[in-house]
Amino acid sequence: MSTPLRHGWTTGACATAATTAAYTALLTGAFPDPVEITLPRGQRPAFALATEELGGGAATAAVVKDAGDDPDVTHGALISSTVRHGAPGSGVVFVAGPGVGTVTKPGLPLEVGEPAINPVPRRMMSEHVAEVAARHGGTGDVIVEISVERGEELARKTWNPRLGILGGLSILGTTGIVVPYSCSAWIDSIRRGIDVARAAGREHVAGCTGSTSERVAAELYGLPEDALLDMGDFAGAVLKYLRRHPVPRLTVAGGIGKLSKLADGHLDLHSGRSQVNPEMLAGMVRSAGGDEALAGRVLAANTALHALRLCQEAGLPLGDLVAERARAAAAGVLREAPVAVDVVVIDRAGVIVGRAG
């Protein structure tokens with residue numbers, strides 16, 4: 001019997017817990033430990049404090065982020081909040097401490113120059129500051145500085161540098177809870193990447209399944225970094241968001257295996273959630289004039305790459321056929337959106353083996 005995967009807490013929830021503890025200590029001289037907060041959907045988790053410091057007109061509390069069983073780069077990170085009294089009537093002012101990024105490009109839900117603390121975590125922290133102020137006689141006018149230990153180093157493993165968030169991580173989360181393998185953070189990054197590309201006036205973006213296809217697309221079309229979308233397996237996320245927020249031109253670039261899945265109508269290209277269809281590939285061979293012997297070998301091929309090699313030896317352009325059908329599938333998702341699509345299929349070495357559009 002399998003054990004259910006354990007949920008974790010977002011960076012926004014951890015920052016809220018640390019801020020609540022720090023402001024309480026600033027007003028009362030004592031840190032609540034554990035500190036309980038209320039999440040947007042009403043859950044009330046309690047967080048143990050990893051560090052406490054009070055003095056010099058400031059209070060600092062820190063929480064170790066527990067991402068549960070999700071493979072999150074911020075799992076185990078120390079998230080700190082330092083709270084100081086602010087000017088009367090200033091409300092809650094957020095500051096990026098060490099390891100928290102700053103927004104440098106338009107297109108994100110924060111203004112350029114703002115600390116990369118997303119709207120929902122800001123609201124959570126502001127609400128908890130107001131509750132602590134009401135309970136302990138404070139004004140609620142505070143400066144909240146959020147820091148993440150090793151945040152600048154960890155941010156290199158995220159989309160932040162490409163999105164123009166420099167100097168560290170973002171404080172994220174809409175529910176406060178990390179659902180293991182929900183992929184929501186990746187899909188959200190894809191959407192923010194499109195937003196940034198649109199705000200920069202890009203008229204051509206590329207949705208790429210990995211670093212090799214990204215390099216090929218960049219070299220082929222001279223695309224800047226902020227026009228490259230690391231879509232991974234989430235072709236559907238790119239296409240559906242562009243349907244609502246169009247860019248004039250989209251290139252879809254990836255390996256023969258993943259793009260043969262798109263050609264078969266799959267929008268999630270992960271190996272655990274969709275499979276290459278050998279019958280479809282064999283049907284393509286027949287429709288392109290290949291003989292039954294070749295179609296049989298393609299049907300029995302171990303992988304899409306193996307099928308491609310068999311067709312290359314026979315002089316049949318399977319890569320182009322996959323690209324054309326993948327382009328048609330993408331256009332079907334985009335519907336009437338004003339987005340012209342082309343597809344680039346590569347092998348593992350990054351050699352272009354098929355194009356369409």
Side-chain angles (χ1 to χ4, degrees), residues 9-23 26 37 39-40 47 50-51 53 57-65 67 72-74 77-87 89-130 132-133 140-176 178 185 188-189 191-193 195-196 199-200 226:
W9 311 112
T10 63
T11 48
C14 295
T16 299
T19 298
T20 302
Y23 190 36
L26 189 64
I37 64 169
L39 299 181
F47 295 77
T51 63
E53 185 178 341
T60 300
V63 169
V64 175
K65 178 176 172 179
D72 191 312
V73 297
T74 59
L78 186 70
I79 299 175
S80 305
S81 178
T82 298
V83 180
R84 301 176 179 86
H85 292 296
S90 62
V92 181
V93 176
F94 293 99
V95 175
V100 170
T102 298
V103 176
T104 68
K105 289 184 180 181
L108 296 170
L110 299 167
E111 295 297 322
V112 170
E114 281 289 311
I117 302 169
N118 269 22
V120 172
R122 286 177 184 238
R123 187 176 73 238
M124 288 171 61
M125 283 183 266
S126 296
E127 289 172 351
H128 283 76
V129 163
V132 172
D141 298 317
V142 291
I143 299 166
V144 176
E145 180 180 323
I146 304 299
S147 305
V148 181
E149 192 173 74
R150 296 177 49 242
E152 188 164 8
E153 174 188 338
L154 294 172
R156 298 190 193 108
K157 302 175 184 178
T158 73
W159 276 59
N160 275 18
R162 180 169 298 173
L163 294 176
I165 298 171
L166 304 183
L169 290 162
S170 299
I171 303 301
L172 303 172
T174 55
T175 65
V178 175
D188 185 65
S189 293
R191 293 169 178 165
R192 299 295 77 79
D195 291 342
V196 167
D226 62 7

Any side-chain heavy atom of [X] sitting closer than 4.5 Å to one from [Y]?
X      : Y      : answer
Ile117 : Leu172 : no
Leu154 : Thr158 : no
Ile79  : Thr11  : yes
Val83  : Ile143 : no
Leu26  : His85  : yes
Thr10  : Val120 : no
Val103 : Glu111 : no
Arg123 : Pro119 : no

How long is the gap from [atom1] on [X] to [atom2] on [Y], to the nearest 0.5 Å?
X      : Y      : atom1 : atom2 : answer
Trp9   : Thr175 : CH2   : OG1   : 9.5 Å
Thr174 : Met124 : OG1   : CE    : 10.0 Å
Leu169 : Ser147 : CG    : OG    : 11.5 Å

Should Arg162 and Asp226 count as an ion pair when the cut-off is N to O under 4.0 Å?
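So Arg162 does not pair with Asp226 through a salt bridge.
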Check this for me, if you would: do Asp188 and Arg191 make a salt bridge, where the nitrogen-to-carboxylate-oxygen distance has to be below 4.0 angstrom?
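No salt bridge links Asp188 with Arg191.
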Please determine, by modelled atom types, if Asn118 and Ser170 share a side-chain donor-acceptor pair under 3.5 angstrom.
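No donor-acceptor contact under 3.5 Å links the two side chains.
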Looking only at side chains, do Ser81 and Thr19 share a donor and an acceptor under 3.5 Å apart?
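Yes, because at least one side-chain N or O of Ser81 sits under 3.5 Å from a partner of the opposite role on Thr19.
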Least distance between heavy atoms, [X] atom then [Y] atom:
X      : Y      : result
Pro161 : Ala155 : CD-O, 3.4 Å
Lys105 : Val112 : C-CG2, 3.6 Å
Ser189 : Leu163 : O-CD2, 4.5 Å
Leu78  : Ala62  : CD1-CB, 3.7 Å
Ala21  : Ala61  : CB-CB, 3.9 Å
Ala199 : Pro106 : CB-O, 3.4 Å

Identify the residue among Arg156, Arg150, Lys157 that makes a side-chain hydrogen bond (donor to acceptor under 3.5 Å, both in side chains) with Glu153.
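Going through Arg156, Arg150, Lys157 one by one, the side-chain hydrogen bond (donor to acceptor under 3.5 Å, both in side chains) with Glu153 is satisfied by Arg150 alone.
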Name the one of Asn160, Val100, Val196, Thr102 that satisfies side-chain contact (heavy atoms from CB on, under 4.5 Å) with Ile165?
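So the option named by the test is Asn160.
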Judged by atom type as modelled, is there a donor-acceptor pair below 3.5 Å linking the side chain of [X] to the main-chain atoms of [Y]?
X      : Y      : result
Thr74  : Ala77  : no
Ser90  : Ala87  : yes
Tyr23  : Gly140 : yes
Asp141 : Gly91  : yes

Thr82 and Thr60: CA distance, side-chain angles, deciding distance, side chain to side chain donor-acceptor pair (under 3.5 Å) verdict
CA-CA 4 Å; Thr82 298; Thr60 300; 2.7 Å; yes
Report the C-alpha separation of Arg122 and Glu114 in whole Å, then their side-chain angles, then the decisive distance to 0.1 Å, and conclude whether the salt bridge (charged side-chain N to carboxylate O under 4.0 Å, His left out) test is met.
CA-CA 12 Å; Arg122 286 177 184 238; Glu114 281 289 311; 3.0 Å; yes
